[in-house]
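What follows is a short report on a single structure.
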Amino acid sequence: MSTSFQNIRGTFDILPDAYTEGETRIASSAEWQAVESVIDDVMRRYNYEEIRTPIFEPTELVARGVGQNTDIVQKEMFAFERSDTQYVLRPEITAPVMRAYLQHHLDQRGGVQKLFYVGPCFRAEKPQKGRYRQFHQFGVEVIGADDARADAETIASMMAIYDAFGIDDTRLRINTLGMPAARSAYVSDLVDYLEPYADELSDTSRRRLETNPLRILDTKLDHEQDLLRDAPILTDYVRDEDRAHYEEVKGLLDELDVAYDEDPHLVRGLDYYTRTAFELESPSLGAQSALAGGGRYDLLAQEIGSDEPVPAIGYAAGMERLFLALDTDRLPEPDRPDVFLAALGDDAARWVFRTTQTLRREGLHVAFDMKGRSLKAQMREANRQDATYTLIIGGNELEAEAATVKHMESGEQTEVPFAELTDYLTDRATA
RNA sequence: GUGGGCAUAGCUCAGUUGGUUAGAGCGCUAGGUUGUGGUCCUAGAGGUCGUGGGUUCAAAUCCCACUGCUCACCCCA
């Protein structure tokens with residue numbers, strides 16, 4: 001069996017069993033479910049409610065939300081046109097959530113809206129380890145609060161997810177980016193500072209001097225880090241009130257026992273971020289070391305058409321990167337059949353087929369063979385599926401109206417009258 | 001977009017200086033048990049050796065091109 005088709009570059013299939021793709025293990029569908037259910041549980045404890053938005057949006061929303069001059073908008077959008085309207089597969093979920101918040105007047109529900117999401121995003125980057133063209137993000141958006149407690153709780157909830165998976169070799173970095181005015185004043189001073197050293201900068205850093213000076217702060221080259229030691233510091237340009245807010249956030253994180261490193265060089269890639277910014281990284285991920293990142297985006301609502309400011313903070317995290325950092329042995333075992341029904345002969349096969357339905361209506365996980373195979377093959381199948389019990393039904397059992405019930409692990413067999421079968425199995429299966 | 005690496009069975013991989021019918025382990029199917037799985041034994045199915053071209057009496061093996069995958073740069077989750 002084969003086909004000339006294959007999944008599109010940078011995407012992957014999630015199969016019943018895990019498999020490897022390059023250096024990456026693609027988790028099984030059961031593992032994805034298990035991970036999502038842990039995420040759900042943490043979100044519930046932190047009192048977030050789920051929101052689901054479409055996977056495509058008007059290009060304009062993304063361009064305005066994420067920022068016209070970001071890499072995402074300039075070269076990574078999966079865009080298409082239909083009936084003179086421009087669409088994109090969403091590259092992130094914050095702008096869509098804010099769009100939904102404004103569109104449906106969620107502020108009218110009262111209080112602060114604490115939302116979370118899990119779903120696919122699309123970016124036309126060249127794939128590599130931990131980076132896909134269709135990838136999955138989960139995240140939260142807290143909309144309608146500028147209180148520092150919103151910042152601290154958001155960060156704490158993010159850490160709680162990784163705690164729940166026992167991922168502790170991480171580093172949380174935080175910073176404040178201030179408002180755009182502070183940032184642009186800072187950027188121009190930073191460029192002024194660095195330009196005399198242009199000759200000492202790497203090619204990419206010299207290019208960034210034009211395109212994205214803030215990113216130079218992120219450099220991994222030691223001699224560039226040395227250069228930056230005496231560079232102006234963003235925090236010095238930030239308004240007093242923003243700095244005070246930042247101080248408050250740090251104090252609250254301390255109160256919640258959330259450990260962090262202050263990093264005045266931390267910047268974020270999307271335009272909508274203001275004030276608090278943070279990023280969680282893990283050394284176990286390879287080149288794509290960011291597990292999650294987020295921050296405040298108090299200007300986004302107005303950017304996409306709100307007539308009044310809406311303070312908000314959130315983060316986005318990569319599911320694929322979570323899996324890279326994860327020890328899958330810690331995930332719960334997948335569900336297996338309570339009972340496998342094996343049949344000998346046509347009459348028995350008919351009885352088995354009918355009985356699957358009765359047992360399933362009682363809530364049992366029931367498997368059987370539909371290829372008319374030998375009893376031996378059916379037993380093998382029951383074993384492979386790791387069924388707890390196997391029923392053996394042949395002429396003898398039909399005549400006696402009692403099933404042979406085999407407990408697979410112990411190998412013990414007993415006769416159970418058809419009339420008592422449901423009780424017998426439900427008692428033991430749910431135990 | 002720019003570089004490096006890789007491409008042989010469903011999976012993981014052998015395959016000698018180019019040489020006859022391309023192999024192993026695992027997995028799959030079946031038999032060893034006229035009605036019994038896991039261990040064991042036996043057998044079987046499954047490959048146009050990524051594609052196209054070239055060199056040669058002869059190519060999985062050498063050369064070229066292409067495609068795909070992968071890792072890294074860039075960027076980000």
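These values consider heavy atoms only, across backbone and side chains, with no hydrogens, waters or symmetry-generated copies. Just so it is clear: chains get the letters A, B, ... in the order the sequence lines come, proteins before strands, and each one is counted from 1.
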If you check the A:E23 side chain, which of B:rG1, B:rG35, B:rC71 turns out closest? B:rC71
Euclidean distance for P, B:rU21 against B:rC26 (whole angstrom): 28 Å
Counting only distance, no hydrogens or angles, is the base of B:rC71 paired donor-acceptor with the side chain of A:R131 under 3.5 Å? no
With under 30° as parallel and over 60° as perpendicular, where do the rings of A:F80 and A:F56 fit, or are they tilted in between? tilted
Give a yes or no on whether a donor-acceptor pair under 3.5 Å exists between the nucleobase atoms of B:rC69, that is its base, and the side chain of A:Q128. no
Does the ring center of A:Y260 lie less than 6.0 Å from the ring center of A:F278? no
Can you check the A:Q6 CD to B:rU70 C1' distance for me, whole Å? 13 Å
Tell me if the centroids of the rings in A:Y132 and A:F12 come within less than 6.0 Å of each other. yes
Rounded to whole Å, please give me the gap between CG in A:L266 and C1' in B:rA77. 14 Å
Can you confirm whether the side chains of A:T170 and A:E281 place a donor and an acceptor under 3.5 Å from each other? no
Closest approach to the side chain of A:A316, judged atom by atom: which nucleotide of B:rA77, B:rG35, B:rG37 is it? B:rA77
To the nearest angstrom, how far is A:L285 atom CG from B:rA72 atom C1'? 15 Å
Taking any heavy-atom pair under 4.0 Å as a contact, classify A:R9: base, sugar-phosphate, or nothing. sugar-phosphate
Quick one: the side chain of A:E125 and the base of B:rA77, do they pair up donor-acceptor inside 3.5 Å? yes
Under 3.5 Å, is there an N or O donor on one side and an acceptor on the other linking the side chain of A:E397 and the base of B:rG35? yes
Donor-acceptor pairs are to be reported for all side-chain atoms of residues 187-200 of chain A against protein atoms at under 3.5 Å, with residues two or more places apart or in another chain.
unit_1 : atom_1 : unit_2 : atom_2 : d
A:S188 : OG     : A:A185 : O      : 3.2
A:D189 : OD2    : A:Y237 : OH     : 2.6
A:Y193 : OH     : A:L227 : O      : 2.6

Hey, does the side-chain of A:K406 have a donor or acceptor N/O within less than 3.5 Å of a partner on the base of B:rG37? yes
Under 4.0 Å from OP1 or OP2 of B:rA30: is there any side-chain N or O of A:R373 that close? yes
Nearest-Å distance, CG (A:L280) to P (B:rA77)? 13 Å
Looking across every strand, which nucleic acid part, if any, lies under 4.0 Å from A:T24 by heavy atom: base, sugar-phosphate, or nothing? sugar-phosphate
What's A:A292 touching, base or sugar-phosphate or nothing? Going by heavy atoms closer than 4.0 Å. sugar-phosphate
Protein-nucleotide distance (A:M408, atom CE; B:rU39, atom P), rounded to Å: 12 Å
What parts of residues 63-79 of chain A reach RNA chain B, counting only heavy atoms under 4.0 Å away? A:D71, A:E76
How would you label the contact of A:Q413 with the nucleic acid (heavy atoms, under 4.0 Å): base, sugar-phosphate, or nothing? base
With the side chain defined as heavy atoms from C-beta on, A:K126 is closest, among B:rU36, B:rG1, B:rC28, to B:rG1
